[in-house]
Protein chains: 2
Amino acid sequence: MAYTIKDVARRAGVGIATVSRVLNDSPNVLPATRARILAIIDELGYRPNQAARQLVTARSHAIAVVLPFLTRPFFIEVLRGIEAVIAQSGYQLIIFNVETIEQREHYFGTLPFLGRTDGLIILSLPLGSIELQRLHDAEMPAVFIDTSAPGYSSVEVDNVAGAQLAVEHLIQRGHTRIAYISGPLHPTLGFPVNRDRKQGYELALLAHQLPVRAEYIRPGGDGRAIGCATALELLDLPEPPTAIFTASDEQAFGVIDALTMRGLVPGKDVAIVGYDDLELARYIGLTTIRQPMEQMGREGAERLLDNLLNGNIEPTIQVIPVTLIERATTSPAS
Amino acid sequence: MAYTIKDVARRAGVGIATVSRVLNDSPNVLPATRARILAIIDELGYRPNQAARQLVTARSHAIAVVLPFLTRPFFIEVLRGIEAVIAQSGYQLIIFNVETIEQREHYFGTLPFLGRTDGLIILSLPLGSIELQRLHDAEMPAVFIDTSAPGYSSVEVDNVAGAQLAVEHLIQRGHTRIAYISGPLHPTLGFPVNRDRKQGYELALLAHQLPVRAEYIRPGGDGRAIGCATALELLDLPEPPTAIFTASDEQAFGVIDALTMRGLVPGKDVAIVGYDDLELARYIGLTTIRQPMEQMGREGAERLLDNLLNGNIEPTIQVIPVTLIERATTSPAS
DNA sequence: AGCGAGTATGGAAACGCTTCCGTGCATCAT
DNA sequence: ATGATGCACGGAAGCGTTTCCATACTCGCT
């Protein structure tokens, strides 16, 4: 059994209140007493029981991050940014990874972080109004990254503008038959970003009086394999596109795979623009839309800490700009 | 203020003990009573206070993972395996990321997870004997992955054998001037894997009566840039190596960068073998030693749960075999 | 000398839960 | 009918802290 505050108090010949005062750096403790208590603490290797502390103070000093697909580079990068800020603040970081719809339901249904965390960072997962209400009722401070929710702060990128940027770039390169491979548009687990990007795609086409062709818009999915399969479908159209914009770099890699299989050269025969700017993109030479992923994580975490530490509960909505990174897959037709 | 067990008890017209029994699925509660209580709980949206529960049961239902460099693919992959097992068990996952020596000291000095977690998974970080003693005194169940510690279970790969495998392969390809770029050999934050791999490298050379040349062994560091810089140094030697083995894929990528800068072709002019088998390795065609990263995470987490759930405290040391993945960077000289 | 203000400290309540123990009651065998 | 048994349930202790309040003491001023 570990030592308790009583053990320390007894051996130091003081009351437990005084020990507590020392533990919490409160003033009004004689330097000599403080030193004596600290010596005993050190000697015994005493550590205050966090659960007891937590019970009486109603603070856990922990923050939970709920994110989908711990494995995917985008989320890892954002997490990295979050971690950097959180760790520095003395808070602990609890991870809830959502891989399935059941898990999603479970987390937002039972709110297992309640009473275990002081705040919540929700990544890319949009909440329904009932879920949002439940969160609100629980009075849990929360920040959304890569999504937003009424009444809460959020950090997002302008996905409509990002997609427009991508498509404008292709149009400037002279393309008129431009396809879009979306991420999954699943109603609950699907991410709204895909809808926004589709909208940006359409806006850009319309702005240049180009037709929006249904057969050029593919729901896609996630991951390289699906990108490849979808690209093959597009290439088999009677009038195949000359450029493909994908909602993620991973899918763009799949598109490159598909072109290679068909003996086509990316950037020469078919132009490609991805989304994310993963590390691999640079290496492969993929033109893409860069999202400042780590920055998003940092900003979100800072927003939450601002709430927790400074009591600043005013919701802020921050939109971080994206940039186009030009590489080989849209090199000027030569 | 949130509802407490008393509120539920009062409204249901029962004692708090009965509510507690319902919460903990204990028998000996009349079905009618149970239903009534559950209805009230649902109506109120009552959630038991975890801190209180934790205080009395002395269990937190959380597990901490201490890992270095949350950003690096190797650790992410292992973490993914850990998460998959832990989440399924109902435990929560707390992340402690170590990026600096100060953080390392802080974590293993103050053991901030004490009283907050039921168990610990330590990734790649070797502990000193004082630290180990402290951990032991705290009676915290722990498992080590990619390191080991006396008295604790561990899951490792045979790094000596892995390095031998890599170098043997190069020797079979006819190389005799083989260099080794190690990971950082930092005494405290440095990882013993680098030492083991160096040993495997030397053993393989000796087994084939090849000389171990000091100028071919480079401490390197981490990341692509350092791999590149180190490779350039090697290429500038009066008698440059014809093959380079690196302690990580990331460094191997840097080596490829260096070759490209010099107009050399990887696998043709200079052979390269990496270590890890990151996703990018497949794409680039890097021959490498594959470590079953996710599996290591899973096995480690299972070991810990076996301790926590089944009380199985017998330490086990598991060594997972590595495999050589042959790709273009060691294609047969043609 | 005496009084008020301030300081160091201890006692005890409270946080919300689990769990031990005891009580009342129905059931059953005698 | 009576005692023994078992079940459903309530009361209360206790987990290890923080914090409020009371107390004893010191100091400086009149």
Side-chain angles (χ1 to χ4, degrees), chain A residues 1-38 40-41 44-62 110-118 138-139, chain B residues 1-38 40-41 44-62 110-118 138-139:
Chain A
M1 201 52 211
Y3 293 109
T4 74
I5 199 172
K6 273 189 195 163
D7 299 314
V8 177
R10 190 158 34 80
R11 298 196 195 211
V14 299
I16 58 167
T18 304
V19 178
S20 178
R21 272 185 278 265
V22 170
L23 290 175
N24 294 284
D25 290 317
S26 92
N28 301 345
V29 176
L30 231 45
T33 316
R34 160 166 283 128
R36 185 153 38 97
I37 293 175
L38 286 175
I40 303 276
I41 287 177
L44 258 41
Y46 161 77
R47 324 262 173 195
N49 180 310
Q50 294 302 326
R53 204 168 222 180
Q54 195 171 324
L55 176 60
V56 54
T57 60
R59 315 287 234 65
S60 66
H61 275 270
T110 70
L111 302 179
F113 14 81
L114 246 54
R116 304 184 125 279
T117 58
D118 294 342
E139 296 174 27
Chain B
M1 202 52 213
Y3 293 108
T4 73
I5 201 172
K6 272 189 195 164
D7 298 312
V8 176
R10 190 158 33 79
R11 300 196 194 210
V14 300
I16 59 167
T18 304
V19 177
S20 177
R21 273 185 277 264
V22 169
L23 289 175
N24 295 286
D25 291 316
S26 89
N28 300 346
V29 176
L30 232 44
T33 316
R34 160 166 282 129
R36 187 152 38 98
I37 292 175
L38 286 175
I40 304 275
I41 287 177
L44 257 41
Y46 163 76
R47 324 263 173 195
N49 180 311
Q50 294 302 325
R53 203 169 224 181
Q54 197 172 323
L55 177 59
V56 54
T57 60
R59 316 287 234 69
S60 67
H61 275 271
T110 70
L111 303 179
F113 15 80
L114 247 52
R116 305 185 124 277
T117 58
D118 295 342
E139 295 175 26

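Letters A, B, ... mirror the listed sequences (proteins, then strands); counts begin at 1.
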Rounding to a whole Å, what distance do you find between [X]:[atom1] and [N]:[atom2]?
{"X": "N49(B)", "N": "dC15(D)", "atom1": "CG", "atom2": "P", "answer": "18 Å"}
{"X": "K6(A)", "N": "dT18(D)", "atom1": "NZ", "atom2": "P", "answer": "14 Å"}
{"X": "L23(A)", "N": "dT19(D)", "atom1": "CG", "atom2": "P", "answer": "12 Å"}
{"X": "Q50(A)", "N": "dG16(D)", "atom1": "CD", "atom2": "C1'", "answer": "11 Å"}
{"X": "R59(B)", "N": "dT19(C)", "atom1": "CZ", "atom2": "P", "answer": "11 Å"}
{"X": "Q54(B)", "N": "dC15(C)", "atom1": "CD", "atom2": "P", "answer": "19 Å"}
{"X": "L55(A)", "N": "dA13(C)", "atom1": "CG", "atom2": "P", "answer": "17 Å"}
{"X": "R47(A)", "N": "dT17(D)", "atom1": "CZ", "atom2": "P", "answer": "13 Å"}

Find the distance between CZ (R53(B)) and NE2 (H61(B)) and round it off to the nearest 0.5 Å. 8.0 Å

Measure the CG-CG distance between L38(B) and L23(B) for me, rounded to the nearest 0.5 Å. 8.5 Å

Identify, residue by residue, the members of residues 11-22 of chain B with a heavy atom below 4.0 Å from DNA chain D, and return them in order of residue number, or none. G13(B), V14(B), G15(B), I16(B), A17(B), T18(B), R21(B)

Residues from residues 31-38 of chain B sitting under 4.0 Å of DNA chain C, heavy atoms only? none

Checking side chain to side chain contact (heavy atoms under 4.5 Å, CB included) for the pair S60(A)/Q54(A): CA distance, chi angles, key distance, verdict? CA-CA 5 Å; S60(A) 66; Q54(A) 195 171 324; 3.6 Å; yes

Among [options], the nucleotide that comes nearest once only the side chain of [X] is considered:
{"X": "T57(A)", "options": "dC15(D), dC17(C), dT18(D)", "result": "dT18(D)"}
{"X": "V29(B)", "options": "dC9(D), dC17(C), dT18(D)", "result": "dC9(D)"}
{"X": "A52(A)", "options": "dC17(C), dA8(D), dT17(D)", "result": "dT17(D)"}

Side-chain N,O (Y3(A)) to OP1/OP2 (dT17(D)) below 4.0 Å: no

Taking only N and O in the side chain of N24(A), is any of them less than 4.0 Å away from OP1 or OP2 of dT18(D)? yes

Tell me, do Y46(B) and I5(B) make a side-chain contact under 4.5 Å, heavy atoms counted? yes

If you define the side chain from C-beta out and look only at heavy atoms, does anything of T4(B) sit under 4.5 Å from N49(B)? no

Taking every non-hydrogen atom, the tightest pair across I37(B) and A12(B): CG1-CB, 4.0 Å

Can you name the nearest heavy-atom pair linking R116(B) to A62(B), along with the distance? O-CB, 3.6 Å

Looking across every strand, which nucleic acid part, if any, lies under 4.0 Å from L30(A) by heavy atom: base, sugar-phosphate, or nothing? sugar-phosphate

Check salt bridge (Lys or Arg N to Asp or Glu O under 4.0 Å) between R47(B) and all other residues, then give those that pass, not counting sequence neighbours. none

Side-chain donor or acceptor of T33(B) paired with backbone N/O of V29(B) under 3.5 Å: no

